[in-house]
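The structure under discussion appears below in the form of structure tokens.
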Amino acid sequence: MERFAGNFTQQEPIPEEGIAAAVAALRHGRLHRYNVVPGEEAEASLLEQEFAAFTGARYCLAVASGGYAMACALRAVGVVAGDRVLSNGFTLAPVPGAIASLGAEPVFVEVTEDLTIDLDDLAAKAASSGAKVLLLSHMRGHVCDMDRLMAICRRAGVQVVEDCAHTMGAEWRGTPSGRHGVMGCYSTQTYKHINSGEGGLIVSDDAAAMARAVLLSGSYMLYARHAAAPPPEAFEGLKWDTPNISGRMDNLRAAILRPQLPLLADRRARWRERYVAVEAGLEGTPGLRLIPRPDHEAYVGSSFQLLLPGWRPEAVQALLARAAARGVELKWFGAAEPVAFTSRYDSWRYAPAQRLPRTDAVLAGLIDMRLPLTFSVEDCAQIARILRAEVSAVWQAGTV
Ligand SMILES: *Cc1c(COP(=O)(O)O)cnc(C)c1O
């Protein structure tokens with residue numbers, strides 16, 4: 001019986017150019033983004049310019065984490081304590097956490113079997129909740145019909161902030177992810193698409209919102225040193241009234257990230273090959289449902305999800321154990337208790353209790369797996385063979 005020997009949490013090393021840039025920053029010691037010598041432009045500011053160009057956004061701000069980016073964007077678009085903020089019922093903990101960090105209340109929206117936000121439930125809750133903002137999580141890279149979503153939100157007077165932690169480098173009908181809403185937020189944490197350990201980015205075309213975000217991030221009165229920020233006039237009416245909630249990115253992280261930006265297109269292509277290898281190997285397995293990927297969704301396949309519709313918890317647990325014994329590490333969103341990075345909406349008990357029956361049914365059979373680029377395409381085919389065999393074994397045993 002074959003056993004997979006790869007490590008599901010091993011990312012690729014930092015490119016040599018990034019290592020050299022990091023060492024140069026360490027040698028001169030000017031790690032704080034506003035610590036520059038005459039004529040020098042900080043790595044953080046250069047990264048912002050380059051990421052703005054990459055996404056086609058007018059403005060960009062680099063911050064300390066993806067979670068910080070979301071909280072900062074919510075504040076920048078006007079969310080205050082006591083507000084209700086719409087978000088996905090299926091996402092990861094930093095998303096409702098960003099809402100709660102402002103003293104605001106998450107209102108969770110159902111997820112469909114395609115793992116995207118349920119647009120009918122969104123329309124209903126946009127009308128009933130009084131929320132003026134949606135923090136839309138493109139969870140695990142699955143993107144809903146963005147034209148319909150934006151039309152619903154426009155009609156309801158709801159501003160959209162996008163969580164693109166899993167869609168950096170992805171596009172929807174040719175538009176880079178993060179460019180539909182008023183602000184797009186990204187993470188550069190180790191498990192995402194570019195890696196600086198921790199880090200975040202915000203993009204926007206909205207001068208007032210971005211000026212607020214820059215001030216919030218802790219710019220003091222040095223905002224003119226941000227080459228990808230709005231012009232100084234945009235800060236005039238805001239600089240006295242916007243609190244400094246320090247969460248800047250430093251030059252060391254920016255130096256590590258800059259050489260990774262030009263690699264994103266190639267990474268997306270390599271991730272796609274790996275994703276497709278797993279998908280092809282699992283096609284037609286009885287008892288298992290694959291997630292459709294629409295043609296116009298240029299996704300980054302950095303993780304893989306599948307559904308085991310109607311499976312009993314004991315059967316899912318048996319599959320997880322059998323796969324683990326053969327070296328394949330799966331995560332399950334249906335577990336009763338949160339495990340490691342995996343939790344669900346009903347475990348975020350700081351939010352008012354909510355019932356999402358359709359989401360419960362999807363999460364009960366939702367399996368999640370990382371696909372780091374250190375896996376070869378052949379590794380991915382092997383993972384699919386093992387999974388196919390073990391799903392079939394549990395399915396045929398009839399205990400499902
Ligand atoms: C990782 C992640 C974030 C942001 O995470 P940080 O660790 O704060 O950078 C946001 N949303 C989702 C869905 C994530 O997976």
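Numbering of ligands and ligand atoms starts at 1, following listing order. Index from 1, following the sequence.
- Counting the atoms of ligand 1 from 1 in the order shown, those under 4.0 Å from a heavy atom of V95 are 11 (N).
- Side-chain atoms of M183 and D206, non-hydrogen and from C-beta on, never get closer than 4.5 Å to each other.
- Considering every non-hydrogen atom in both M168 and H193, the closest pair reads O-ND1, 2.8 Å.
- Near S187, meaning under 4.0 Å from one of its heavy atoms, ligand 1 places the atoms 4 (C), 5 (O), 6 (P), 9 (O).
- Residues passing the side chain to side chain contact (heavy atoms under 4.5 Å, CB included) test with Q305, sequence neighbours excluded: L115, R140, H142, I291, S303, L366, D368.
- The aromatic rings of W348 and F108 sit tilted relative to each other, their planes meeting at an angle between 30° and 60°.
- Counting protein heavy atoms only, atom 14 (C) of ligand 1 is closest to K192 NZ, 3.1 Å.
- Nearest protein heavy-atom neighbour of atom 13 (C) of ligand 1: D163 OD2, 3.3 Å.
- Here's the thing with G67: one of its N/O atoms is less than 3.5 angstrom from an N/O atom of ligand 1.
- Side-chain contact of H226 with Y34: a donor-acceptor pair under 3.5 Å is present, judged by distance alone.
- Of the polar atoms of T91, none of the N or O atoms is found under 3.5 Å from an N or O of ligand 1, judged by distance alone.
- For ligand 1, the atoms lying closer than 4.0 Å to a non-hydrogen atom of S65 are 8 (O), 9 (O).
- Of the candidates L61, L201, I202, L257, F51 forms a side chain to side chain contact (heavy atoms under 4.5 Å, CB included) with just one, namely L201.
- Where the criterion is an N or O separation shorter than 3.5 Å, residue side chain and backbone included, P94 fails it with respect to ligand 1.
- Panel note: side chain Q354, backbone P106; a donor-acceptor pair is recorded below 3.5 Å.
- Looking only at distances, a side-chain donor or acceptor of R388 sits under 3.5 Å from a matching main-chain atom of G281.
- Looking only at protein heavy atoms, the nearest one to atom 15 (O) of ligand 1 is H166 NE2, 2.7 Å.
- Close approach of ligand 1 to M70 is summarised as follows: ligand atoms under 4.0 Å from at least one heavy atom of the residue are 10 (C).
- Every atom of ligand 1 is numbered from 1 in the order shown, and the set under 4.0 Å from a heavy atom of A165 is 2 (C), 3 (C), 10 (C), 11 (N), 12 (C), 14 (C).
- Here the protein heavy atom with the shortest distance to atom 7 (O) of ligand 1 is Q189 NE2, 2.8 Å.
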